[in-house]
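To start, the structure itself, in structure tokens.
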Amino acid sequence: MSGQRNANEGTEALYAAMLRQYEVEQFLFYEADLLDSRRYDDWLTLLADDIHYWMPLRRTTTAREVDREFTRPGGMALFDNDKEILTMRVQRLSVGRAWAEDPPSRTRRLITNIRVLADADGELQVACNFKLYRTRLNSEEDSWIGRREDTLRRQGDSFVLARRHIFLEQTVILSQNLSNLF
Amino acid sequence: MSEQLITTDRQVDVSQCFNPQTGTLQRHIFTDEAIYQQELERIFARGWNFMCHESQIPAAGDFFMNWIGEDEVIVVRDREGKINVLLNSCPHRGNTVCRAEIGNTRSFFCSYHGWNFDLDGRLVGMPGEKEFYRDEIDKSVWGLSPAAKVESYRGFVFATLDPSAPALADYLGWVGRLGIDFLASKGELEFLDGVVKNRIQCNWKLAVDNLYDWYHVKVSHGTALKLGLVSDAAMAPMDQMVLLGELGHGIGGPGISEEKFQDSMRRLQAGEPASVWYDRNVADRMTGNMIEELGPVGKRSFGHPNIFPNLWVALTNQLCLRIPRGPFETELWWFTFQVNDEPEERRKFNLFMANHVFGPAGILEQDDGENWSHSTRGAKGAFGKKLPLNFAMGKGSDRMEADASGQSRIETVVNEHGQRWTYQAWQEWMQADSWETLLANHSQPPQGDC
Ligand code: FES
Ligand SMILES: [Fe+2]
């Protein structure tokens, strides 16, 4: 949508949009790589202090009531975290006895369909699709596919992550835990 | 119809699986398919199963899907305000008539041939009633099958498939009722939208026995301690109390003496800040009428109740239901409540716990699942499944003290009384071929040395 509009505004605007798309993609790919590489402390530095990291619950509803599919803020969620809690999630991995991640799981994140939905006041609203693939021990395998809505705030010549809303394509979580970050 | 559901000609003899004298348990009860099938008949179909809280379905037509063993049921409020529990299976070919897990509807319309059922399960119409059925179908007998009984205790709705089951309040007994009172006596409860659900590759009983397990806490959840989420003293306190009720209900976990309770109350009333791990729990109990409602012993227990077979009443204004999905898989369902007149600080703490500590992403709970799935796995092999497990901790070293109020309890250190009681009850339920036999043969909670 924004791609079409930008195209109509002339070559200049198109180049600017392409450059911005490139910056956004590089940021998201870098961030995913930090998590896949288990560089969690580095990952924390990409988060804004006021980040809201939220994964609502999803339910099967009839088509008529599909507006009730996701829980809303204030309802229950799988993640409803501020930076302090996210920091704790990272710290737990290094203090010992974090059994869900010891031995560590092996993860790979695929980030695709990245679109900049809005760009105003130094903040970009970015939607993307993801797949998080995890194996553990000898034969356990989990994967989660979903959509993310991120707010990237411009900071210096890069971004910090100021909001992440994660919408999974699962109702009952089919894994024994969600011990990884999305 | 319900009667046919609960009679069975299969019977596995499990009478030697748990030995209360030695506290040993045979592992194949976690993996044997025939035992699992018997559990569906003799425990889940027979017992009272938690369905939902009344506030989840306030309006006519509101429904919530749940399970009784492997039978999916629709829990729905009808136009008279009554809550019905209906088998989600069309009597024509057996198709499900409801595919959503929550919602509001005027009727249940079967997507296969279009039989249509009212909110109380009555068959109200179908295509071709006149042309194809020639007006000869008796609609009054072909409705959705209701559960044999549906009853509520303080807003918590339960159902059983067995018409001979005792009344819910009698089934719960004083321990089961007390377990629910821990939550219900706090004030008016409001269900927080969304039941957190996830699957663990474990036998359901291993998830249940863990709720009494205050031995694993510091090891399994050591990170919470190291992160300062919980203090060392609060994590697995030395003061423990166990209350055991007929038919397998129990409450086990932290519990303090009357002296400590009084002392804490005195300090809190004098406006001193909380300084001991149980001050927070005592402060909780000082709200409303809780002290009177919970009784002289109950007020001092901050343990985990289990409503047999599979409903854990957690201290964080939550319930956790453990739903079997075959011998090797269990679904955990977390229900979370808000107490309407709870102090803001307490409400925040409970929400914090619900959001960050429990559930599949919980900082604490994410470490539990693998222990249970691997304990289940350990019962699969030809060698492993023949070896007994040790549930003997504290056996014979403690005393069940009577109380004038009737609230008998064991006051001791970390122990496995709750787990032993659960497996003993499980064995009795599994051996009994009917409610009549179960009520005649089940064990009374121990008295004196135990
Ligand atoms: S199976 Fe329901 S109408 Fe035929
Ligand atoms: Fe645990």
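Nearest heavy-atom pair across B:I363 and A:R89 is CG1-NH1, 4.0 Å. Between A:L178 and B:Q366, the closest heavy-atom pair is O-NE2, 4.4 Å.
Remark: B:D367 pairs with A:R92, A:W99, A:A100, B:H221, B:T223 by the side-chain contact (heavy atoms from CB on, under 4.5 Å) rule, at least two apart or across chains.
Side-chain atoms of B:N198 come within 3.5 Å of backbone N or O of A:S175 as a donor-acceptor pair.
Considering CG of B:L227 and OG of A:S94, their distance stands at 8.0 Å, rounded to 0.5 Å. Once rounded to the nearest 0.5 Å, the distance linking CG of A:N177 with CG of B:D368 reads 10.0 Å. Note that CH2 of B:W334 and CE of A:M76 are 9.5 Å apart. Values are rounded to the nearest 0.5 Å. The structure places NZ of B:K197 at 12.0 Å from CG of A:L174, a figure rounded to the nearest 0.5 Å. Interatomic distance, A:D80 CG to B:N355 CG, rounded to the nearest 0.5 Å: 5.0 Å.
Among the residues in residues 121-153 of chain A, those with a non-hydrogen atom closer than 4.5 angstrom to a non-hydrogen atom of chain B are A:R136, A:L137, A:E140. Using non-hydrogen atoms only and a strict 4.5 Å limit, the part of residues 345-353 of chain B facing chain A consists of B:F352. Within residues 42-65 of chain A, the residues having any heavy atom under 4.5 Å from a heavy atom of chain B are, by residue number, A:L57, A:R58, A:R59, A:T60, A:T61, A:T62, A:R64, A:E65.
For A:E84, the CD atom sits in a loose shell: 12 or fewer heavy atoms of surrounding residues, nucleotides or ligands are nearer than 6.0 Å. By the 6.0 Å contact criterion, OH on B:Y215 is open, its count of non-hydrogen atoms from other residues, nucleotides or ligands being 12 or less. In A:R106, the CZ atom is crowded: over 12 heavy atoms of neighbouring residues, nucleotides or ligands sit closer than 6.0 Å.
Put simply, of B:L225, B:V195, B:V219, B:T105, the one with the most heavy-atom pairs under 4.5 Å next to chain A is B:V219.
A donor-acceptor contact closer than 3.5 angstrom links the side chains of B:E370 and A:Q176.
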Full working for side chain to side chain contact (heavy atoms under 4.5 Å, CB included) between B:E331 and A:V172: CA-CA 8 Å; B:E331 254 172 52; A:V172 177; 3.9 Å; yes
Checklist line | From CA spacing to verdict: side chain to side chain contact (heavy atoms under 4.5 Å, CB included), B:I102, A:R68 | finding: CA-CA 9 Å; B:I102 54 162; A:R68 296 180 64 182; 3.8 Å; yes
